[in-house]
Number of protein chains: 2
Amino acid sequence: MLSIGALSRQTGTKVQTIRYYEQIGLMNEPGRTEGGQRRYHVSDLDRLAFIRHGRQLGFSLDAICEFLDLSDNPDQSCSHVDSIAQRQLVQVRQRMLRLRALEAELERMIANCDGGSGQDCNVLKVLSDHSECLTDHDSIGEG
Amino acid sequence: MLSIGALSRQTGTKVQTIRYYEQIGLMNEPGRTEGGQRRYHVSDLDRLAFIRHGRQLGFSLDAICEFLDLSDNPDQSCSHVDSIAQRQLVQVRQRMLRLRALEAELERMIANCDGGSGQDCNVLKVLSDHSECLTDHDSIGEG
DNA sequence: TGACATACCTATAGTTTATGTAGCTTTTCT
DNA sequence: AGAAAAGCTACATAAACTATAGGTATGTCA
């Protein structure tokens, strides 16, 4: 049996966050000691690790909820889950492209700076460029 | 001159969000019509597009504020610009590293998912197996 | 010109995903 | 036994939006 602190340490999740996940129904209510402290099973640890991993990959708690549902009743089709992951991958790739542009611009600015003359800053230009982003307007939140 | 709705459509930003950005000082207060409606210049559109792209890349509004400062006062002292740019560059590179790891994982997830039943859904497998995960533990929020 | 739909306005409250704090209780360690 | 560490609830705060209510402007079509 694990205390909430043990769970916290082993998953890198704040204690409060674990309680929050319980509150919103993402984690099951665990058993309690006589004195009222939470005690978890290893399966809870797995579930929490799953959730955190999903968050690290950028999935919303809602999406993770769907993953967990599928995992709880594995007879359903997983195509929906798959499409969520696909969408996430598209976003990740778009972000990388933009980051590369931004990296180049920052490097250029820093180089110019060393040269000592007055600089022009194109940071805004590289990221305000609309040409390659017609498809992802709705992609800030995830689904 | 663009209405707030036009700005909204062209950048994929909710009208409320644009007003929110104005409220917190990220967007300048635009001119108004006689009747009190906001009217924007194309430069506002660029600025907003920049902000949205920055957000899509995971930068906080604070960080975006710094970028905008660089762009607004390009004749600031070199050392100031340089230090901000350096710091942001570090962030950008960290972000790219993380995204590369995520990309690999998402690819792994999606591979072999034929939309069949959840029994052998790779997405779920990848999410529950943390061992091959290269992403670092504390990297969920942004800097 | 006038009606009407649509877009816009302000103000306020709610959402998501947590994190922080206060004041008290339980567990654990020596 | 007594203290320190960890846990408890409840409430507050944060960032970055998003929604709603109730009213006003604007633009278009007859």
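In what follows, every chain begins at residue 1, and chains take the letters A, B, ... in the order their sequences are listed.
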Tell me: CG of A/Leu2 to C1' of C/dT27, nearest whole Å? 16 Å

Is the shortest side-chain N to carboxylate O distance from B/Arg87 to B/Glu66 below 4.0 Å? yes

Which of C/dT19, C/dC8, C/dT17 is nearest the side chain of A/Ser60? It is C/dT17

Would you indicate, yes or no, if C/dA18 has its OP1 or OP2 atom less than 4.0 angstrom from a side-chain nitrogen or oxygen of A/Arg52? yes

Proximity to the side chain of B/Ile4 - top-ranked nucleotide from C/dC9, C/dA18, D/dA16: C/dC9

Gap between atoms CD1 and C1', on B/Ile64 and D/dA15 respectively (whole Å): 12 Å

Between A/Thr13 and A/Arg39, which residue's closest nucleotide on DNA chain C lies nearer the 5′ terminus? A/Thr13

Can you check the A/Asp62 CG to C/dT16 P distance for me, whole Å? 7 Å

Electrostatic pair B/Glu103:B/Arg108 at N-O distance under 4.0 angstrom: no

Measure the spacing between OH of B/Tyr21 and CG of B/Leu61 and express it to the nearest 0.5 Å. 5.5 Å

Pairwise 5' ranking along DNA chain C for A/Tyr21 and A/Thr33, keeping only the more 5' one: A/Tyr21

Let me know the distance between CZ of B/Phe59 and P of D/dA16, rounded to the nearest Å. 13 Å

Please answer: with hydrophobic residues joined when any side-chain heavy atoms are less than 4.5 Å apart, are A/Val42 and A/Leu68 in the same cluster? no

Output the single nucleotide from D/dA16, C/dA18, D/dC8 whose closest atom is nearest the side chain of A/Tyr20. C/dA18

Quickly work out the B/Glu34 CD to C/dC9 C1' distance and round it to whole Å. 16 Å

Between D/dT9 and A/Arg38, is there an OP1 or OP2 to side-chain N/O distance shorter than 4.0 Å? yes

Test log, rule salt bridge (charged side-chain N to carboxylate O under 4.0 Å, His left out), inputs A/Glu22 and A/Arg38: CA-CA 11 Å; A/Glu22 179 185 327; A/Arg38 291 167 178 81; 2.8 Å; yes

Which listed nucleotide (C/dT17, C/dA18, C/dC8) is nearest to the side chain of A/Thr17? C/dA18

Ranking C/dT16, D/dC17, C/dG20 by distance to the side chain of A/Gln16, first place goes to C/dG20

Counting side-chain heavy atoms from CB outward, which of D/dT9, D/dT18, C/dT10 is closest to B/Lys14? D/dT18

Whether A/Arg32 contacts C/dT27 is assessed here as follows: a side-chain N or O lying under 4.0 Å from the phosphate OP1 or OP2. Is that the case? no

Taking the minimum atom-to-atom distance to the side chain of B/Arg19, which one of C/dT17, D/dT9, C/dC8 wins? C/dC8

Using atom CD1 of A/Ile24 as one end and atom C1' of C/dT16 as the other, report the distance to the nearest whole Å. 9 Å

Toward the 5' end of DNA chain D, which comes first, B/Gln37 or B/Leu61, by nearest nucleotide? B/Leu61

Whole Å only: how far is the CD atom of A/Glu22 from the P atom of D/dG7? 14 Å

For B/Ile18 and D/dT18, what is the distance between atoms CD1 and C1' respectively, to the nearest whole Å? 13 Å

Minimum side-chain heavy-atom gap B/Phe59-A/Leu99 below 4.5 Å: yes

